[in-house]
Amino acid sequence: LAGWREAMYGSMGEQSSGGEAKALLDDSIAVTDESQRVGEETLSKLQGQSDQLQGASQAAEDTQSIARRARTVMRDMEFKLVKEKVILAMTILVLLGVDGALAYVLVENGGSFFKKR
């Protein structure tokens, strides 16, 4: 590092002229300005990325909310479907019982619903 410094700015033991000092100062200012510009660009990009991440996070929360509502609606639909199937099965059993009773009456009455006297 010392060799590089000497190659760039000369030996520190030498007396620098005012022009060299001004050139060194101008170089330092230019490097500082460039560093500040790069820092500001980086900060701007990071702020943009932060905004994107916040938007993505909000979108994910919205999606989760929609999924929860969809699950609730589907669960309600499933419950209604099961309820309808149970009612249908009970109706079928009642109708089978009525059919069985009518068949018994027909058999007992010789093919007629009314008793022969």
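All residue numbers refer to positions in the sequence shown, counting from 1.
Among residues two or more places apart in sequence or in another chain, the side chain to side chain contact (heavy atoms under 4.5 Å, CB included) test is passed with Leu102 by Val98, Phe113. With sequence neighbours excluded, no residue satisfies side chain to side chain donor-acceptor pair (under 3.5 Å) with Asp76. Listed by chain and residue number, Thr91 satisfy the side chain to side chain contact (heavy atoms under 4.5 Å, CB included) test with Leu95 (two or more places apart in sequence, or in another chain). Scored by the side chain to side chain contact (heavy atoms under 4.5 Å, CB included) test, Thr32 finds no partners at all (sequence neighbours excluded). For Asp26, the salt bridge (charged side-chain N to carboxylate O under 4.0 Å, His left out) partners two or more places apart in sequence, or in a different chain, are Lys22. Residues meeting the side chain to side chain donor-acceptor pair (under 3.5 Å) test with Arg71, sequence neighbours left out: none. Asp62 is linked by a side chain to side chain donor-acceptor pair (under 3.5 Å) to Gln58, counting only residues two or more places apart in sequence or in another chain. Under the side chain to side chain contact (heavy atoms under 4.5 Å, CB included) criterion, Ile29 pairs with Leu25, Asp33, sequence neighbours left out.
Under a 4.5 Å side-chain heavy-atom criterion applied to ILVMFWY residues, the cluster that includes Ile92 comprises Leu88, Leu96 as well. Chaining together hydrophobic side chains whose heavy atoms lie under 4.5 Å apart places Val73 alongside Met77.
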Hey, can you pull the donor-acceptor pairs under 3.5 Å for the side chains in residues 38-48, sequence neighbours left out?
from, atom 1, to, atom 2, distance (Å)
Glu40, OE2, Gln36, NE2, 3.2
Glu41, OE1, Arg37, NH1, 3.3
Glu41, OE2, Arg37, NH1, 2.3
Thr42, OG1, Val38, O, 2.8

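Residues Ser65 and Arg68 meet the side-chain proximity criterion, which asks for heavy atoms closer than 4.5 Å.
Annotation: salt bridge (charged side-chain N to carboxylate O under 4.0 Å, His left out) contacts involving residues 85-108, sequence neighbours excluded, are absent.
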Item to check | Ile87 and Glu84: CA distance, side-chain angles, deciding distance, side chain to side chain contact (heavy atoms under 4.5 Å, CB included) verdict | outcome: CA-CA 5 Å; Ile87 290 171; Glu84 287 177 6; 5.7 Å; no

